[in-house]
Amino acid sequence: MANLTILRTYALKDPASLPRSILFSHTETSLTIYDAFPKSMFHFLILPRASSKPEANELDSLRTLLKGDKARAKQVISALREDAQTLRKEIEDEMLKRYGFKWDVWTGFHATPSMQHLHLHVLSADLCSEKMKNKKHYNSFHPKIGFFLDVDEVLSWFDAEDSYFAAMAKLDPKDHEAFLKQDLACFHCGSAMKNMPALKAHLQEEWDKQAARVKAKLERKRQLEEKSDTVENSDQVHSKKQKADSNTQ
DNA sequence: GTTCTAGAAC
DNA sequence: GTTCTAGAAC
């Protein structure tokens with residue numbers, strides 16, 4: 001049985017004491033760690049640091065955070081979002097370096113997470129991974145099902161009416177667990193998948209197609225730029241020649 | 001969160 | 001007979 005409070009212990013520790021194999025980076029207020037069971041090609045968690053047990057209790061989950069002071073909750077979530085945007089750029093650099101193109105990065109919370117301590121998932125939009133093993137794993141990250149809550153959506157609750165905020169902030173596990181049992185459907189094209197092996201093969205095909213499509217587009221763009229550079233250069237040579245000609249006239 | 005495995009599904 | 005899912009884990 002995995003340790004369900006491991007993230008809480010990280011959040012309370014001095015980041016310098018965490019091994020590099022776990023910790024990716026940190027700031028004054030947050031830690032970015034590698035997800036131990038990545039469900040996409042890139043998958044990180046960003047957690048708010050805690051300096052005391054009471055503070056860690058407040059940060060136990062999205063539900064407990066939203067139950068407390070609203071301004072404080074908004075500040076914590078906004079700070080995590082900021083860190084996620086920085087991380088996203090780093091992921092995109094790595095995508096380019098490793099695969100020659102970049103694709104979407106999702107940033108969101110699980111409505112009812114199984115591990116304690118608030119954590120923001122930052123993962124590439126492919127859901128292609130060895131560790132993606134069952135329906136619950138997949139549906140918990142499917143962007144349209146409702147279990148995975150985009151950070152911007154959560155932040156939008158703060159600007160809505162109080163009654164709406166209260167309704168969303170409940171995050172009752174009973175309401176969300178049904179989402180995880182929904183039939184398997186591809187998040188790219190929506191087609192129904194009869195089981196996990198079929199879904200995984202299909203997701204890999206979708207990613208391969210996307211890679212080929214984006215790379216072909218990049219290549220066309222590169223060739224166009226090369227062509228226009230050549231034209232520009234020859235224009236310059238041409239105009240210089242004209243200038244030289246006019247000088248001699 | 002994972003591992004294990006009984007029995008359903010094919 | 002093999003693949004796959006889904007619930008228990010003392």
Side-chain angles (χ1 to χ4, degrees), chain A residues 1-13 15 18-24 26 30-50 53 56-66 80 84 87 91 105-143 145-151 154 171-187 190-206:
Chain A
M1 167 98 72
N3 183 356
L4 269 46
T5 58
I6 192 75
L7 299 182
R8 180 189 166 100
T9 65
Y10 294 161
L12 285 161
K13 271 189 178 173
L18 293 171
R20 291 301 305 170
S21 57
I22 293 171
L23 185 71
F24 176 74
H26 73 277
S30 74
L31 302 176
T32 298
I33 65 170
Y34 300 97
D35 191 294
F37 303 94
K39 302 305 191 297
S40 273
M41 294 167 73
F42 298 89
H43 189 177
F44 298 85
L45 303 178
I46 305 183
L47 16 158
R49 290 171 62 185
K53 293 277 170 67
N57 288 340
E58 201 177 58
L59 295 168
D60 189 62
S61 67
L62 189 57
R63 194 177 54 80
T64 60
L65 180 65
L66 296 177
L80 293 176
L87 176 61
I91 292 172
V105 173
W106 292 326
T107 301
F109 300 100
H110 277 165
T112 52
S114 37
M115 273 198 296
Q116 286 186 338
H117 199 79
L118 184 67
H119 51 286
L120 182 63
H121 289 273
V122 180
L123 72 166
S124 53
D126 48 79
L127 302 183
C128 292
S129 164
E130 279 271 292
K131 305 288 182 189
M132 175 68 78
K133 290 183 176 169
N134 58 46
K135 182 188 269 188
K136 192 174 161 182
H137 291 157
Y138 179 73
N139 283 344
S140 74
F141 289 104
H142 191 301
I145 281 182
F147 191 88
F148 186 77
L149 304 170
D150 190 280
V151 67
V154 174
L171 295 172
D172 184 347
K174 284 221 172 67
D175 298 337
H176 293 92
E177 268 154 25
F179 289 140
L180 300 176
K181 294 180 178 171
Q182 259 182 236
D183 290 345
L184 294 173
C186 172
F187 75 87
S191 60
M193 294 290 140
K194 66 176 193 300
N195 55 36
M196 282 303 290
L199 172 70
K200 285 168 68 75
H202 176 82
L203 289 175
Q204 188 59 55
E205 275 175 35
E206 287 278 12

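Chain A is the first sequence line, chain B the second, and so forth, proteins listed ahead of strands; every chain is numbered from 1.
- If you measure from atom OH of A:Y138 to atom P of C:dC4, you get 17 Å, rounded to the nearest angstrom.
- Rounded to whole Å, atom P of C:dA6 lies 14 Å from atom CD of A:Q182.
- The side-chain hydrogen bond (donor to acceptor under 3.5 Å, both in side chains) search around A:D35 returns A:H43, not counting sequence neighbours.
- Helical stems in DNA chain B, defined as runs of 3 or more consecutive Watson-Crick or G-U wobble pairs with both donor-acceptor distances under 3.5 Å, are listed by first residue as B:2-10 with C:1-9.
- Legend: residues meeting side-chain hydrogen bond (donor to acceptor under 3.5 Å, both in side chains) with A:S30, ordered by chain and number and at least two apart, are A:T27, A:D83.
- For the pair A:K39 and B:dT2, the criterion of a side-chain N or O lying under 4.0 Å from OP1 or OP2 is met.
- Between atom OG1 of residue A:T64 and atom CG of residue A:L171 there is a gap of 10.0 Å, rounded to the nearest 0.5 Å.
- The separation between A:E177 atom CD and B:dG1 atom P is 11 Å, rounded to whole Å.
- The nucleotide whose nearest atom lies closest to any side-chain atom of A:K135 is, among C:dT5, B:dG1, C:dA6, C:dA6.
- Aromatic pair A:F42/A:W106: centroids not less than 6.0 angstrom apart.
- Considering only the side chain of A:K133, B:dT3 comes nearest among B:dT3, C:dC4, B:dG1.
- Protein atom CG of A:L184 is 12 Å distant from nucleotide atom P of C:dC4, rounded to whole Å.
- Among the protein residues, A:H137 comes within range of the sugar-phosphate backbone only, with heavy atoms under 4.0 Å from sugar or phosphate atoms but none that close to a base.
- In this structure, A:R8 and A:N57 have side chains that are in contact, with non-hydrogen atoms separated by less than 4.5 Å.
- Atom CE in A:M196 sits about 17 Å away from atom P in B:dC10, given to the nearest Å.
- A:F148 places a side-chain heavy atom less than 4.5 Å from the side chain of A:L123.
- Between the C1' atom of B:dG1 and the CZ atom of A:R8 lies a distance of 17 Å, rounded to the nearest Å.
- If you measure from atom NE2 of A:H119 to atom P of B:dG1, you get 8 Å, rounded to the nearest angstrom.
- Residue contacts shown for A:P113 are absent, as no nucleic acid heavy atom lies under 4.0 Å away.
- Side-chain contact between A:I33 and A:Y10: present, with at least one pair of heavy atoms (C-beta onward) separated by less than 4.5 Å.
- The distance from atom CG of A:N195 to atom C1' of C:dT2 is 13 Å, rounded to the nearest whole Å.
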